[in-house]
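Structure first, commentary second.
Heads up: numbering here begins at 1 and tracks the sequence. Quick note: numbers below take in every heavy atom, side chains included, and nothing from hydrogens, waters or symmetry partners.
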Amino acid sequence: QVQVVESGGGSVRDGGSLRLSCTLSGDTYPDYCMGWVRQLPGQEREAVAFLYTGGASQWYGNSAEGRFTISQENSKYTVSLQMNSLEPEDTGLYYCAATPVQGGCPGNWWNYPDTLWGQGTQVTVSS
């Protein structure tokens with residue numbers, strides 16, 4: 001059994017920064033596609049950024065490109081998302097997600113039924 005614990009989030013002003021962290025623990029699979037999916041008010045869920053734990057591959061959504069950075073920490077199953085230049089439009093609920101995979105991340109990885117989800121963390125950016 002694998003647990004997903006995410007931390008971070010909070011309230012910042014327009015242009016501020018936050019760092020999110022997510023850790024998998026327990027009986028982990030060798031590799032995951034791992035990252036964040038967010039739910040903004042009145043919008044569909046969207047992938048923010050993710051990586052493959054077995055390599056250096058990273059992916060960013062259009063809203064994150066150039067502002068956010070996803071990276072692995074010292075632990076293979078700990079991933080952080082550094083969010084800079086935050087805007088009010090970034091306000092929403094951010095979920096860490098991890099899907100066991102082999103070789104890389106498929107495009108629809110977080111829709112797989114075996115995807116593991118964190119509890120979600122609120123990000124609020126005030127103008």
Decide whether L51 and V48 are clustered together by the hydrophobic rule: side chain heavy atoms of Ile, Leu, Val, Met, Phe, Trp, Tyr closer than 4.5 Å, transitively.
-> yes

Looking just at side-chain N and O atoms, do S80 and S71 make a donor-acceptor pair shorter than 3.5 Å?
-> yes

Between Y94 and W110, is there a shared hydrophobic cluster once you connect ILVMFWY residues whose side-chain heavy atoms come closer than 4.5 Å?
-> no

Is there a side-chain contact between P106 and Y112, using heavy atoms and a 4.5 Å cut-off?
-> yes

Check: L116 and Q3 side chains under 4.5 Å, non-hydrogen atoms | no

Check: Q119 side chain, E6 main-chain N or O, donor-acceptor pair, under 3.5 Å | yes

When the ring planes of W59 and F50 are compared, do they come out parallel, tilted or perpendicular, using 30° and 60° as the limits?
-> parallel

For the hydrophobic clusters of this structure (ILVMFWY residues joined by side-chain heavy atoms under 4.5 Å, transitively), does one cluster hold both V79 and F68?
-> yes

Closest contact, heavy atoms only, V37 versus W117 = CB-CZ3, 4.0 Å

Validation row: Y32, W109 side chains within 4.5 angstrom (heavy atoms) | no

To the nearest 0.5 angstrom, please state how far the CD atom of E46 sits from the CD atom of Q39.
-> 9.0 Å

Kindly say whether P30 contributes a backbone atom to a donor-acceptor pair with the side chain of Y77 at under 3.5 angstrom?
-> yes

Between Y60 (side chain) and G66 (backbone), is there a donor-acceptor pair under 3.5 Å?
-> no

Mark yes or no for whether Q72, through its side chain, and T53, through its backbone, hold a donor-acceptor pair below 3.5 Å.
-> yes

Roughly how far, to the nearest 0.5 Å, is OG1 of T124 from CG of L93?
-> 9.5 Å

Are any of the side-chain heavy atoms of W36 and V123 separated by less than 4.5 Å?
-> no

Quick one: pull up OG1 in T91 and CZ in R38 and give me the separation to the nearest 0.5 Å.
-> 9.0 Å

Do V101 and Y52 have side-chain heavy atoms sitting under 4.5 Å apart?
-> yes

Out of curiosity, D90 CG to L40 CG, how far, rounded to the nearest 0.5 Å?
-> 7.5 Å

Should T99 and D114 count as side-chain neighbours, where that means a heavy-atom distance under 4.5 Å?
-> yes

Scanning both residues in full, the closest heavy-atom pair of P41 with G92 reads CD-CA, 4.4 Å

Separation between OG of S63 and CD of E89, rounded to the nearest 0.5 Å = 10.5 Å

Above 12 or not: heavy atoms from other molecules or residues under 6.0 Å from CD of Q1?
-> no

Return all side-chain donor-acceptor pairs below 3.5 angstrom for residues 7-19, not counting sequence neighbours, or 'none' if the list is empty.
unit_1: S17; atom_1: OG; unit_2: N84; atom_2: OD1; d: 2.8

Side-chain contact, heavy-atom cut-off 4.5 Å: C96 with L20?
-> no

Decide if atom CG of N62 counts as having more than 12 heavy atoms of other residues, nucleotides or ligands within a radius under 6.0 Å.
-> no

Would a 4.5 Å heavy-atom cut-off, applied to side chains only, mark K76 and D31 as touching?
-> yes

Over all heavy atoms of both residues, which pair between I70 and M34 is shortest? Give the atoms and the distance, please.
-> CD1-O, 3.9 Å

